[in-house]
Amino acid sequence: MTTLSDTELLDAARRAAEHAYVPYSSFPVGAAVLTDDGTLFTGCNVENAAYGEAICAERNAVTTMIAAGESPKVATVAVIGLKAAPCWPCGACRQVLREFHCDRVIVEGEDGQPVSLPFDQILPNSFGPDALEAR
Ligand code: THU
């Protein structure tokens, strides 16, 4: 299994961000999702003239992972905003990443170095599939 460093994951996210479709915000974001079996999926944000239909980079990476029939377990997500560092995942993306058991998040710090946090620090006391299990 190929192992990727935090910097390599951020580089993959940056390459995806270069493809972002952001005519309305001019705020390109890229995400790289590494599964627990070592497969990498990337996504960028894709906006729409109906502004509310914009899709974030992280959610595009996750849906690509699922469409590929991958193990639905995210080990790590790396997120880059080309216009701002750090670029932490938005609330909606945190919830979607939580569904797929994301363990760790990496962003680029103000100094350009990777900053990494356990996922439960960015979404504590979260709601997940286990909450739906019958009592
Ligand atoms: N955006 C993302 O792609 N991911 C996030 O976690 C935060 C926000 C996008 C949505 C929109 O296209 C642009 O950034 C500005 O909000």
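When a ligand or atom number is given, it counts from 1 through the structure's own listing order. For the numbers below, each heavy atom of this structure counts, side chains included, while hydrogens, waters and symmetry mates do not.
For D120, the side-chain contact (heavy atoms from CB on, under 4.5 Å) partners at least two apart in sequence or on another chain are P118.
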Side-chain donor/acceptor pairs under 3.5 Å, residues 50-63, sequence neighbours excluded:
unit_1, atom_1, unit_2, atom_2, d
N60, ND2, C44, O, 2.9
T63, OG1, R59, O, 3.1
T63, OG1, N60, O, 3.1

Taking distance alone, no hydrogens or angles, what donor-acceptor pairs closer than 3.5 Å link side-chain atoms of residues 19-26 to residues at least two apart or in another chain?
unit_1, atom_1, unit_2, atom_2, d
S25, OG, F27, N, 3.1
S25, OG, E47, OE2, 2.5

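Considering all non-hydrogen atoms of both residues, V77 and V74 come closest at N-CG1, 4.4 Å. Closest of all the heavy-atom pairs between P114 and D6 is CB-CB, 3.8 Å.
Near ligand 1, S25, F27, V29, N45, E47, C56, A57, E58, W88, P89, C90 each place a heavy atom less than 4.0 angstrom from the ligand.
The backbone N or O of I122 lies less than 3.5 Å from a partner atom in the side chain of R94, making a donor-acceptor pair.
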